[in-house]
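All remarks here apply to the structure that follows.
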Amino acid sequence: MMRWTQALLATLREAPQDAEIISHKLLIRAGMLRKVGGGLYTFMPLGMRALRKVEQIIREEMDRAGAQEILMPALQPAELWRTTGRWESMGAGMFKVTDRKEAKYALAPTAEEVVTALLKGEVSSYRQLPKTVYQIQTKFRDEIRPRFGLMRGKEFIMKDAYSFDTTMDAADKSYQAMFDAYVRIFKRCGLAAKPVEADTGDIGGSSSHEFMVLAPSGEDSILDCAACGYAANQERAERQSMPVPYQQEVAAAEVVDTPGQETCVAVAAFLNVAVNQIVKSLVVLANGQPVMVLVPGDRELNELKLKRILGGAKISEASAEAVAAAVGPVGSIGPVGVTIPVYADRSLEGAADVVTGANQAGKHLLHVSLARDAHVLAYEDLVVVSEGDHCPRCGKPLAVRRGIEVGHVFKLGMKYTQAFNATYLDEAGAAQTMVMGCYGIGVTRTLQAIVEQSNDANGIVWPAAIAPYQVNLLILDPDNRDVVARAEALGSELEALGVDVFVDDRAERPGIKFKDADLIGLPVRVVAGAKSFEKGGFEVRRRTDADAVIRSPETAAAAIVNLLK
RNA sequence: CGGAGCGUAGCGCAGCCUGGUAGCGCGUUUGGUUCGGGACCAAAAGGUCGAGGGUUCAAAUCCCUCCGCUCCGACCA
């Protein structure tokens with residue numbers, strides 16, 4: 001039984017001005033979180049208890065899925081990172097430190113290298129596989145912009161798990177086991193988390209899913225098909241491409257003056273044609289070499305898709321000078337007559353009467369047939385999928401939603417095990433490379449996502465499984481010995497039944513206690529006061545209920561336990 | 001890093017434009033009246049005005065430099 005008068009707890013009537021989203025404001029106001037610096041927070045006692053609840057659920061489900069908990073150091077020798085080349089490729093996102101002997105270390109942003117080196121040493125036979133290990137540990141990332149409290153911090157707590165298998169098929173099973181565990185974890189946390197297809201990013205590997213909590217404040221966009229259940233991160237989302245309508249060759253390409261018209265919208269208006277009759281030509285650098293990409297004039301290029309098509313090449317923006325040197329002046333470039341490689345979105349396949357830049361300042365070409373007038377290396381899905389596009393599976397329109405990424409599962413294949421030469425001997429005594437998967441949950445982010453998804457105008461509404469305490473016992477007349485004695489008796493009875501009780505024993509007016517109880521958001525509020533006893537006992541109310549119910553001292557504990565189920 | 005804004009008591013803010021005693025609300029402490037949805041009265045504590053430099057008789061206020069924080073874009077659990 002924790003008593004407020006003894007707790008390190010202060011609620012705030014107003015939110016600090018640097019908190020932007022509701023969950024951040026509420027965690028600060030409810031005294032659960034305090035800021036230390038940008039992207040750095042202290043968990044106060046109440047917040048700490050909620051965090052431990054999330055961790056415990058994760059532990060239980062990881063263990064249930066057959067994973068084993070370990071703890072690796074957060075300080076990782078640079079040598080390990082050099083083995084995979086990520087010492088360089090992680091770039092500025094990784095904190096690097098140097099010891100007194102000038103040896104370099106990474107502050108763990110993740111642990112593929114450490115765990116792969118570990119399993120390489122521990123596993124030598126197929127008989128020892130599969131193995132999945134996990135840890136719950138502080139991670140460090142030098143985020144360009146920490147944001148929204150715990151949502152994106154420089155330091156955060158992550159559950160990271162790693163699976164090692166003999167074959168791709170076996171690895172798929174391990175992946176599925178983790179996927180299923182994630183579904184259970186987020187469900188037990190009271191979160192509606194949606195698995196969506198995702199890009200693998202710098203971690204690499206063949207496929208991955210993110211677990212997204214839908215929220216307007218989320219940083220990711222998700223394409224969602226209500227008809228068939230397809231869901232994907234916008235970075236990854238595909239679409240059924242509808243060919244642009246201009247399929248008939250009508251005339252030879254013809255140069256027209258378009259003075260000062262540089263954007264697709266402007267050129268379309270100037271020439272009095274639809275924006276999607278304009279072909280948007282972009283030049284980007286792939287591993288430093290210029291490449292042209294064509295998309296319909298009303299579309300955006302998805303650089304990640306281009307990157308995949310180009311075999312993982314580093315895509316970067318080309319300067320206006322570089323574009324001018326490669327093809328022509330920015331604002332008037334096009335694929336006709338260029339010598340650099342040209343890729344086009346699938347929807348442009350067969351486009352035969354479109355407008356492109358003429359690679360001369362202030363001039364465009366009418367009636368361009370891509371097949372006749374340009375040399376397109378490949379037609380691929382290259383655009384950012386947006387609201388209303390056709391679902392790649394069923395063709396129905398897709399909706400765009402915002403999401404908070406709370407978990408991410410990856411099939412890594414042999415990217416890391418190959419780099420470390422992490423092999424085992426198969427039945428025939430031949431060395432084989434282990435197949436790997438990795439699985440992350442942002443624990444601190446998950447905690448905040450729970451608050452983001454579960455609150456009302458008065459404060460937090462903790463799901464019972466995560467709440468720092470289950471019961472908030474308000475003693476309205478702390479000077480009344482009889483009231484205090486009966487409240488204490490109920491508290492002890494509840495604790496004996498395994499219910500965590502928080503007691504507001506402050507000498508404050510009732511209104512203040514009610515407001516604070518709503519703000520802190522424990523699942524059940526019990527009021528003990530002279531008035532409640534006149535009415536027959538304790539007032540019991542769930543955080544989500546409109547009204548309280550009177551329970552006699554004899555029946556209160558059982559009734560409360562029942563409410564918590 | 002690019003763009004925008006902010007930095008004055010624990011929290012929320014005013015004062016700055018037009019230089020001259022550092023203020024308000026909440027919170028905190030003490031006393032009193034109150035007491036079922038953020039009471040009232042009285043008294044009090046609490047401030048390197050983000051830092052450094054400059055202008056000036058005089059700087060929270062004007063100028064310069066730096067630092068920190070927040071928001072919008074590229075990174076990600």
Side-chain angles (χ1 to χ4, degrees), chain A residues 10-21 24-25 28-29 31 34-40 58 89-94 108-111 136-161 182 193 198-203 208 210-213 217-220 233 235 303-304 315-317 403-410 438-449 458-459 474-480 507-519 525 527-535 539 541 548:
Chain A
T11 56
L12 270 38
R13 196 182 288 238
E14 288 167 295
Q17 54 94 27
D18 60 11
E20 200 66 26
I21 64 175
H24 187 197
K25 289 180 183 172
I28 301 282
R29 283 192 55 211
R34 289 290 182 255
K35 180 173 171 174
V36 174
L40 302 170
I58 292 172
S89 68
M90 288 290 281
M94 187 158 72
T110 174
I136 295 174
Q137 186 215 34
T138 300
K139 298 293 186 295
F140 302 87
R141 292 189 190 173
D142 192 355
E143 292 289 346
I144 300 164
R145 185 147 87 83
R147 219 190 308 218
F148 299 154
L150 303 174
M151 287 298 186
R152 177 177 303 279
K154 287 187 162 161
E155 179 181 325
F156 60 99
I157 296 173
M158 181 164 88
K159 185 284 302 178
D160 44 325
Y182 275 37
D199 190 77
T200 53
D202 285 336
I203 289 181
S208 79
E210 290 165 337
F211 286 76
M212 291 286 188
V213 172
S217 60
E219 297 186 73
D220 290 275
N233 193 306
E235 296 172 348
E303 290 188 8
L304 286 166
I315 307 294
S316 53
E317 211 168 293
I404 300 164
E405 182 189 353
V406 289
H408 202 157
V409 293
F410 297 84
C438 76
Y439 317 93
I441 291 178
V443 180
T444 39
R445 181 185 284 181
T446 296
L447 181 70
Q448 191 172 333
N458 295 317
L474 310 189
I475 301 179
L476 293 196
D477 303 287
D479 297 331
N480 181 324
E508 290 289 356
R509 298 163 61 83
I512 288 178
K513 296 191 175 193
F514 292 142
K515 288 288 186 191
D516 277 335
D518 286 344
L519 177 60
R525 189 189 80 188
V527 174
K531 284 200 183 168
S532 75
F533 289 124
E534 279 169 26
K535 286 189 249 175
E539 288 163 26
R541 199 196 77 161

Self-check item: C1'-based separation of B/G5 from B/A59 [nearest Å]
Solution: 24 Å

Self-check item: salt bridge (Lys or Arg N to Asp or Glu O under 4.0 Å) against A/K139, all qualifying residues, sequence neighbours excluded
Solution: A/D160

Practice problem: Determine yes or no for a side-chain-to-main-chain donor-acceptor pair under 3.5 angstrom, with A/K513 supplying the side chain and A/I475 the backbone. | Solution: yes

Quiz item: For A/M94 and B/C76, what is the distance between atoms CE and P respectively, to the nearest whole Å?
Solution: 13 Å

Quiz item: Using purine N1 to pyrimidine N3 plus N6-O4 or O6-N4 for Watson-Crick, or N1-O2 and O6-N3 for G-U wobble, both under 3.5 Å, which nucleotide pairs with B/C11?
Solution: B/G25

Practice problem: Determine which nucleotide pairs with B/U65, using a 3.5 Å limit on both distances of a Watson-Crick or G-U wobble pair. | Solution: B/A51

Quiz item: Considering only the P atoms, how many Å lie between B/U61 and B/C49, rounded to the nearest integer?
Solution: 9 Å

Quiz item: If the C1' atom of B/U21 is compared with that of B/U29, how far apart are they to the nearest Å?
Solution: 26 Å

Quiz item: Start at the 5' end of RNA chain B and walk down; is the nucleotide closest to A/R541 or to A/T444 reached first?
Solution: A/R541

Quiz item: Can you find a heavy atom in the side chain of A/F514 that is under 4.5 Å from one in the side chain of A/V527?
Solution: yes

Sub-3.5 Å pairs of nitrogen or oxygen atoms, protein against nucleotides 65-71 of chain B:
from	atom 1	to	atom 2	distance (Å)
B/C69	OP1	A/G38	N	3.2
B/C69	O3'	A/K35	NZ	2.7
B/U70	OP1	A/K35	NZ	3.3

Practice problem: Provide, to the nearest angstrom, the distance between the NZ atom belonging to A/K513 and the P atom belonging to B/G37. | Solution: 14 Å

Self-check item: side-chain contact (heavy atoms from CB on, under 4.5 Å) involving A/A10 - partner list, sequence neighbours excluded
Solution: A/R34

Quiz item: In whole Å, what is the span from the CD atom of A/E235 to the P atom of B/C76?
Solution: 8 Å

Quiz prompt | d(CD, A/E155; P, B/A77) in whole Å | solution = 17 Å

Quiz item: Any donor-acceptor pair under 3.5 Å linking the side chain of A/R29 with the backbone of A/L12?
Solution: yes

Quiz item: Across all strands shown, which nucleotide pairs with B/A59 by Watson-Crick or G-U wobble geometry, both distances under 3.5 Å?
Solution: none

Quiz item: Considering residues at least two apart in sequence or located in another chain, which fulfil the side-chain contact (heavy atoms from CB on, under 4.5 Å) criterion with A/R147?
Solution: A/R145, A/R152, A/E219

Quiz prompt | Partners passing salt bridge (Lys or Arg N to Asp or Glu O under 4.0 Å) against A/K35 (at least two apart in sequence or in another chain) | solution = A/D18

Quiz prompt | Rounded distance in Å - CG (A/L304) to C1' (B/A74) | solution = 11 Å

Quiz item: Where is the tightest heavy-atom contact between A/G407 and A/Y182, given as atom of each residue plus distance?
Solution: CA-CE2, 4.2 Å

Quiz item: How far, in whole Å, is B/A43 from B/U65 if one measures between their P atoms?
Solution: 47 Å

Quiz prompt | Between B/C6 and B/C64 - P atom distance, rounded Å | solution = 16 Å

Quiz item: What interatomic distance, in whole Å, is found between C1' of B/A58 and the corresponding atom of B/G19?
Solution: 8 Å

Exercise. Rounded off to whole Å, could you give me the CG-to-P distance for the A/L474 and B/G38 pair?
Key: 15 Å

Exercise. May I ask you to say what A/D516 touches in the nucleic acid, namely base, sugar-phosphate or nothing, with a heavy-atom cut-off under 4.0 Å?
Key: base

Quiz item: When you measure from the side chain of A/Q448 to the backbone N and O of A/L150, does any donor-acceptor pair fall under 3.5 Å?
Solution: yes

Quiz prompt | ring-ring contact (aromatic ring centres under 6.0 Å, His included) partners for A/Y439, two or more places apart | solution = none

Exercise. Only counting residues at least two apart or in another chain, list the ones meeting side-chain contact (heavy atoms from CB on, under 4.5 Å) with A/D142.
Key: A/F95, A/K154

Exercise. Scan every strand shown for a Watson-Crick or G-U wobble partner of B/C17, both distances under 3.5 Å, and answer none if you come up empty.
Key: none

Quiz item: Now, which nucleotide makes the Watson-Crick or G-U wobble pair with B/G38, with each of the two distances under 3.5 Å?
Solution: none

Quiz item: When rounded to the nearest 0.5 angstrom, what is the spacing between CD in A/E210 and CG in A/N233?
Solution: 4.5 Å

Quiz item: For the pair made of CD in A/E143 and P in B/C75, what is the distance, rounded to whole Å?
Solution: 11 Å

Practice problem: First locate atom CG of A/D518, then atom CZ of A/R541, and finally report the distance between them rounded to the nearest 0.5 Å. | Solution: 5.5 Å

Exercise. Would you kindly give the CG-to-P distance between A/L519 and B/G37, to the nearest whole Å?
Key: 18 Å

Exercise. Report the residues that fulfil side-chain contact (heavy atoms from CB on, under 4.5 Å) with A/N480, sequence neighbours left out, ordered by chain and then residue number.
Key: A/D477, A/D482, A/V483, A/A530

Quiz item: With sequence neighbours left out, what residues match A/F140 under ring-ring contact (aromatic ring centres under 6.0 Å, His included)?
Solution: none

Hey, what are the protein-to-nucleotides 23-27 of chain B N/O distances that come in under 3.5 Å?
from	atom 1	to	atom 2	distance (Å)
B/G25	N2	A/E14	OE1	3.4
B/C26	O2'	A/R13	NE	3.4
B/G27	OP1	A/R13	NH2	3.3

Check nucleotides 33-36 of chain B against the protein and report each pair of N or O atoms closer than 3.5 Å, with its distance, or say if there are none.
from	atom 1	to	atom 2	distance (Å)
B/U34	O2	A/R509	NH1	2.7
B/G36	OP2	A/K531	NZ	3.4
B/G36	O6	A/K531	N	3.4
B/G36	O6	A/S532	N	2.7
B/G36	N1	A/E539	OE1	3.4
B/G36	N1	A/E539	OE2	2.7
B/G36	N2	A/E539	OE1	2.1
B/G36	N2	A/E539	OE2	2.9

Quiz item: If we take the C1' atom in both B/C13 and B/C76, what is their distance in whole Å?
Solution: 35 Å

Quiz prompt | Between B/G23 and B/C66 - C1' atom distance, rounded Å | solution = 29 Å

Quiz item: Just checking A/D220: base, sugar-phosphate only, or nothing, at a heavy-atom cut-off of under 4.0 Å?
Solution: base

Practice problem: Using a 4.0 Å heavy-atom cut-off across all strands, classify A/R34 as base, sugar-phosphate, or nothing. | Solution: nothing

Quiz item: If you take atom types as modelled and just measure distance, does the side chain of A/R152 reach the base of B/C76 with a donor-acceptor pair under 3.5 Å?
Solution: yes

Quiz item: Base, sugar-phosphate, or nothing: which does A/G407 touch, judged by heavy atoms less than 4.0 Å apart?
Solution: sugar-phosphate

Quiz item: Checking all strands, does A/A15 fall into the base, sugar-phosphate, or nothing category for heavy-atom contacts under 4.0 angstrom?
Solution: sugar-phosphate

Quiz item: In the structure shown, which nucleotide is the Watson-Crick or G-U wobble counterpart of B/C1, with both distances under 3.5 Å?
Solution: B/G73

Self-check item: Nearest-0.5 Å distance, NZ of residue A/K25 to CG of residue A/L519
Solution: 13.0 Å

Quiz item: Do the side chains of A/R141 and A/M158 get nearer than 4.5 Å, heavy atoms only?
Solution: yes

Exercise. Determine, for nucleotides 41-52 of chain B in 5'-to-3' order, which nucleotides have protein heavy atoms under 4.0 Å from the base (write B), from only the sugar-phosphate (write S), or from neither (write -).
Key: ------------

